[in-house]
Amino acid sequence: MTADPEVLELVANVSLLFAERPLLDRFTAAAEAGFAATELWWPFDGPTPSEREVTALLSAVMGSGIPLAGMNLWAGNMPGGERGVLSQPVHTPAFRASLGVSARVAETTGCRVFNALYGQRLPTETPEDQDSTALDNLAYATSMLGTNGGTVLLEPLSVGLNGAYPLQTVADILPIVRRVRELTGGDHIALLFDTFHLANNGEDLVTAIDAAADLIGHVQFADSPGRGEPGTGHIDFPVVLEGLWGVGYRGAIACEYVPTVPTLDTLGWVAGMPHLRGIA
């Protein structure tokens, strides 16, 4: 997404930032604040929203004047505790139906990055069956979204937050990314490097960056352990940025944090960060 190869562009995750405003107003709020682009979680209640809902989202994105850089794929009942459906056979038909909406978002807005949550382990299915289902669904999603140049992302999630979620480290993700690339013969799947989740799970972030190197497809920033803006926890973000730059990452840096104060008052951390475009 980066237009200037000398800097990493800053993206606002509007599912968390600008929460004082209705969701569809947050795209314009992000543009007014100086962000280069936006991203968001799956914004609909179910896998197949109405035409009115889709049109309203697309209008809000296009009316903001800045691109949509990323969106989560449908991940089940997130308010109810689900964290993805890729590995759950019962949800496969609905997941694949939802990809039509994602493809439309990609075609209309130019969005090219789509985060796919893996799903928790189910007691009714063996881990082997769930992993096989996930591979099939990832191959299907990457083939469908890759037609428009899209990339499907996989991310680790925090152990404490998500219980039986099996992907918790970079080492858990990379074999799956490589296997899907082998199955599809393409590179339309990558790692989502989320500083909050990885740090909460005990990863050394610089070591993880070196291990993932050219398989990092997107980066999200939030501090650990509280998921607030950088500076509210213990992560050394300048060191993380230097590590990303050093392995050749030139994609976006998304702010996917829970603001501890109104969003506009959380952006002071950006000034002076290496390789990161400041807020205009």
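- The number of heavy-atom neighbours closer than 6.0 Å to CG of Asp265, taken from other residues, nucleotides and ligands shown, is above 12.
- Taking the side chain as every heavy atom from C-beta outward, Val101 and Thr48 never approach each other to under 4.5 Å.
- The backbone N or O of Trp245 lies less than 3.5 Å from no partner atom in the side chain of His275, so there is not a single donor-acceptor pair.
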Verdict with supporting geometry, Val219 and Tyr249, side-chain contact (heavy atoms from CB on, under 4.5 Å): CA-CA 9 Å; Val219 174; Tyr249 180 76; 3.6 Å; yes
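- With contacts defined as side-chain heavy-atom distances shorter than 4.5 Å, the pair Pro156/Thr169 does not qualify.
- Every residue meeting the side chain to side chain donor-acceptor pair (under 3.5 Å) condition with Thr260, not counting sequence neighbours, appears here in chain and number order: Glu229.
- In this structure, Pro93 and Pro89 approach most closely via the heavy-atom pair CD-O, 3.9 Å.
- Between Cys255 and Leu10, some side-chain heavy-atom pair lies under the 4.5 Å cut-off.
- Cluster membership for Val206 and Leu244, using ILVMFWY side-chain heavy atoms within less than 4.5 angstrom, is not shared.
- Checking side-chain atoms of Ser64 against main-chain N and O of Val61 turns up a donor-acceptor pair under 3.5 Å.
- The shortest side-chain heavy-atom distance between Ile253 and Leu241 falls under the 4.5 Å cut-off.
- Using the six-membered ring where Trp is involved, Phe18 and Phe35 have ring planes that are perpendicular, over 60° apart on the 30 and 60° scheme.
- Distance alone, capped at 3.5 Å, is enough to place a donor-acceptor pair between the Arg26 side chain and the Val14 backbone.
- The distance from the CG atom of Asn77 to the NE2 atom of His91 is 8.5 Å, given to the nearest 0.5 Å.
- Of the possible polar contacts, none joining the Tyr118 side chain to the Leu167 backbone as a donor-acceptor pair under 3.5 Å is found.
- One finds the CG atom of Leu157 at 9.5 Å from the CZ atom of Phe196 (value rounded to the nearest 0.5 Å).
- Minimum interatomic distance between Ala30 and Thr38 (heavy atoms only, all atoms of both residues): CB-CG2, 3.6 Å.
- Trp74 does not carry Arg96 over the face of its six-membered ring by the limits of under 6.0 Å from the centre and within 45° of the normal.
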Working for salt bridge (charged side-chain N to carboxylate O under 4.0 Å, His left out), residues Arg179 and Asp131: CA-CA 12 Å; Arg179 180 58 179 150; Asp131 291 340; over 6 Å; no
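- Smallest separation of non-hydrogen atoms from Asn201 and Gln168: ND2-O, 2.8 Å.
- With values rounded to the nearest 0.5 angstrom, Leu57 atom CG is found 7.5 Å from Leu23 atom CG.
- Contact detail for Pro259 and Val261: the closest heavy-atom pair is CB-O, 3.1 Å.
- Applying the salt bridge (Lys or Arg N to Asp or Glu O under 4.0 Å) rule to Asp136 yields no partners; only residues at least two apart in sequence or on another chain are considered.
- In terms of heavy atoms, Ile235 sits closest to Ala222 at CD1-O, 3.6 Å.
- A salt bridge is defined here as a Lys NZ or Arg NE, NH1 or NH2 lying under 4.0 Å from an Asp or Glu carboxylate O, and Asp187 with Arg178 fails to meet this definition.
- Around CD of Glu20, the count of heavy atoms belonging to other residues, nucleotides or ligands within 6.0 Å exceeds 12.
- Leu122 belongs to no multi-residue hydrophobic cluster, having no ILVMFWY side-chain contact under 4.5 Å with any other such residue.
- In this structure, Asp236 CG and His234 NE2 are separated by 11.5 Å, a value rounded to the nearest 0.5 Å.
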From CA spacing to verdict: side-chain contact (heavy atoms from CB on, under 4.5 Å), Asn115, Met71: CA-CA 6 Å; Asn115 184 28; Met71 188 177 82; over 6 Å; no
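- In this structure, Glu155 and Leu117 have side chains that are in contact, with non-hydrogen atoms separated by less than 4.5 Å.
- Of the candidates Thr133, Val152, Leu135, Leu154, Leu86 forms a side chain to side chain contact (heavy atoms under 4.5 Å, CB included) with just one, namely Leu154.
- For Ala212, the side chain to side chain contact (heavy atoms under 4.5 Å, CB included) partners two or more places apart in sequence, or in a different chain, are Val170, Leu174, Leu191, Ile216.
- For the pair Ile173 and Phe193, the minimum side-chain heavy-atom distance is 4.5 Å or more.
- The shortest side-chain heavy-atom distance between Glu39 and His218 falls under the 4.5 Å cut-off.
- A distance-only check finds a donor-acceptor pair linking the side chain of Gln120 to the backbone of Arg83 [under 3.5 Å].
- A salt bridge links Arg104 and Glu51; the closest N-O separation between the charged side-chain nitrogens and carboxylate oxygens is under 4.0 Å.
- Between Ser59 and Thr55 there is a side-chain heavy-atom pair separated by less than 4.5 Å.
- At distances below 3.5 Å, at least one donor-acceptor pair connects side-chain atoms of Arg112 with backbone N or O atoms of Ala106.
- At least one donor-acceptor pair under 3.5 Å links the side chain of Thr142 to the backbone N or O of Leu138.
- At least one donor-acceptor pair under 3.5 Å links the side chain of Asp223 to the backbone N or O of Gly231.
- Rounded to the nearest 0.5 angstrom, Glu256 CD and Asn13 CG are separated by 5.0 Å.
- Judged purely by atom type and a 3.5 angstrom limit, Thr266 uses its side chain to pair as donor or acceptor with the backbone of Thr263.
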Verdict with supporting geometry, Asp214 and Val247, side-chain contact (heavy atoms from CB on, under 4.5 Å): CA-CA 7 Å; Asp214 60 348; Val247 299; over 6 Å; no
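- Proximity of a side-chain donor or acceptor of Asn148 to a complementary backbone N or O of Gly150 within less than 3.5 Å is not detected.
- Centroid-to-centroid, the aromatic rings of Phe221 and Tyr257 stay 6.0 Å apart or farther.
- Alongside Leu153, the hydrophobic cluster contains Val113, Leu192 (criterion: ILVMFWY side chains under 4.5 Å).
- Nearest approach of Ile66 to Ala36, heavy atoms of both residues: CB-O, 3.6 Å.
- Here the CD atom belonging to Gln88 is positioned 11.5 Å from the CZ atom belonging to Phe95, to the nearest 0.5 angstrom.
- Screening residues 44-64 for ring pair (Phe, Tyr, Trp, His ring centres under 6.0 Å), with sequence neighbours left out, gives Trp42-Phe44.
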Test side-chain contact (heavy atoms from CB on, under 4.5 Å) applied to Leu73 and Ser98, step by step: CA-CA 8 Å; Leu73 299 179; Ser98 75; 5.7 Å; no
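- For Ser158 and His197, the side-chain atoms include at least one donor-acceptor pair closer than 3.5 Å.
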